[in-house]
Protein chains: 2
Amino acid sequence: MRIARFVVDSDPMYGVIEGDEVTQIAGDPFFNGVQPTGQKFALDDVRLVAPIIPRSKIVCVGRNYADHVKELGNEVPASPLLFFKPNTSVVGPNEPVTLPSFSEETSYEAELAVVIGRICKDVPVEKVNDVIFGYTCANDLTARDAQRSDGQWARAKGWDGSCPLGPWIETELDTDNLRVTSRLDGETRQDGNTADMIWGIPELISYISEAFTLLPGDVILTGTPAGVGLVREGQRCEVEIEGIGTLQNVFRSH
Amino acid sequence: MRIARFVVDSDPMYGVIEGDEVTQIAGDPFFNGVQPTGQKFALDDVRLVAPIIPRSKIVCVGRNYADHVKELGNEVPASPLLFFKPNTSVVGPNEPVTLPSFSEETSYEAELAVVIGRICKDVPVEKVNDVIFGYTCANDLTARDAQRSDGQWARAKGWDGSCPLGPWIETELDTDNLRVTSRLDGETRQDGNTADMIWGIPELISYISEAFTLLPGDVILTGTPAGVGLVREGQRCEVEIEGIGTLQNVFRSH
């Protein structure tokens, strides 16, 4: 099932996408389940927004694809390398991203995002599926110069707009072997596969939930494959994940 | 004015503390202003809880007192060193803190916390006072072993319970010259002064707001003076800040 968040006139609503239509859901599916209202809209007549703005956190995993670890000259960490993005970093599909004022080197990073569906802590590997609501595409936008200079990555990876999410949440997905690609102005730059993750989703969520209680709507970014590179004002970046769809954003200068 | 969040029977309420009484406020003072209802309680009859659970983020500043930078063998960073704690890390005054399962070396760090009152971005240094709601005490609890091994500090400083806040928010405070102390089982361990911050609050909030939109209820932790050390199960840590009050928590094993 594809769950989207969208705007027709004013306040965002949730809906289920089927074909080129979206059927409105009553309330918030993270708390009320999926209860369609019967109200339908043509997808062309709505504006999709970020499918989730976490109430708590986005937990990200760095260096989780060996080929990307190598391209940046790093070493594979001994345990998952975790960092946070705040909820103010989220933008939606087709929403323009304003490049950060403090950086001259912003990079795209295509990533599979896991959306949490239940409050949970210390989740065993074999129970991880029970706490997942679904999956979406993410772009872990990174100010490389700030990442090098700052040591901690809060600013480099947490600026307003640094976390495009969308276009919707796919709730049924086998994530073991999915192509993860990014394109810059239509040209393929990253072409990886979730099969090459160093830590898989069950291990990641189990590990993360040892440290942090996860809340419904929290998002986990699972790392990026090789092929990252810089973006410039006016360029368009697409993140496509097999079985989900394509998240597209255009960059503008500050 | 001292604004507390407290529980009598079930749901938390906000109130204004005067002497040994607390007067209930209608709704959320971050959005509705301070409108006392007239309903009063004796402070002894209520349970104080964390004065704020941020809807978005806690932005923390590392290495902001030269004597603390020195005691850990670090160098003063060229710009404020920023990291995040998630809102799931917050606990209130007198709430027990469960030591993290993945660490054998948890340290206390007494810090002045700034609570943001208005949505803001790119705040000039001279306008910072306009966006501050008030100040409270924080304990930036840190798993030193994870901090050393992980590189990024999300796990070391973001675990459930790693951010005690309280006991209340003081809205009127000149923060230029305030004693910041911590005591472990009654024995003074840290005894610093906000006058010794490397970056003052105006510079910090201006810098932070260049990267992140700050929302009402977001919290900024401003760094810790020298004297940090480890805590054990059963110990009691107090953070006292002149003009605010004392935040106390006891540690228990996982």
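Computed from heavy atoms alone, side chains included, the values below leave out hydrogens, waters and symmetry copies. Quantities reported herein were computed from a predicted structural model and do not represent experimental measurements. Letters A, B, ... mirror the listed sequences (proteins, then strands); counts begin at 1.
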| Just by distance, do the side chain of A:Gln152 and the backbone of B:Gln152 share a donor-acceptor pair under 3.5 Å? | no
| said: Does atom NZ (A:Lys121) have a neighbourhood of more than 12 heavy atoms from anything else shown, all under 6.0 Å? | reply: yes
| field | Inter-chain contacts: residues 101-115 of chain B against chain A, heavy atoms under 4.5 Å | value | B:Ser101, B:Phe102
| Partner chain A: residue of B:Ala146, B:Pro86, B:Ala143 with the largest heavy-atom pair count (under 4.5 Å) | B:Pro86
| task | Measure the CZ-OG distance between B:Arg55 and A:Ser56 for me, rounded to the nearest 0.5 Å. | result | 13.0 Å
| note | When the 4.5 angstrom heavy-atom criterion is applied to A:Leu82 and chain B, the contacting part is both
Which atom pairs, donor and acceptor, lie under 3.5 Å between side-chain atoms of residues 196-208 of chain A and protein residues at least two apart or in another chain?
residue  : atom : partner  : partner atom : Å
A:Glu203 : OE1  : A:Gly200 : N            : 3.3
A:Ser206 : OG   : A:Val123 : O            : 2.7
A:Tyr207 : OH   : A:Ser79  : OG           : 3.4
A:Tyr207 : OH   : B:Arg155 : NE           : 3.2
A:Tyr207 : OH   : B:Arg155 : NH1          : 3.3

| Does B:Glu126 CD have over 12 foreign heavy atoms under 6.0 Å away? | yes
| task | Can you establish whether the number of heavy atoms outside A:Arg236 located under 6.0 Å from its atom CZ is more than 12? | result | yes
| field | Toward chain A: residues of residues 158-167 of chain B with heavy atoms under 4.5 Å | value | B:Gly158, B:Trp159, B:Asp160
| remark: Output for pair (A:Trp153 CH2, B:Phe83 CZ), nearest 0.5 Å, gives 16.0 Å
| said: Counting C-beta onward and ignoring hydrogens, is there a side-chain heavy-atom pair between B:Leu215 and A:Thr88 closer than 4.5 Å? | reply: yes
| said: Just to be sure I understand the criterion: a residue of residues 131-141 of chain B counts if one of its heavy atoms is under 4.5 Å from a heavy atom of chain A. Which ones qualify? | reply: none
| note | Separation between NZ (A:Lys85) and CZ (B:Phe212), nearest 0.5 Å, reads 10.5 Å
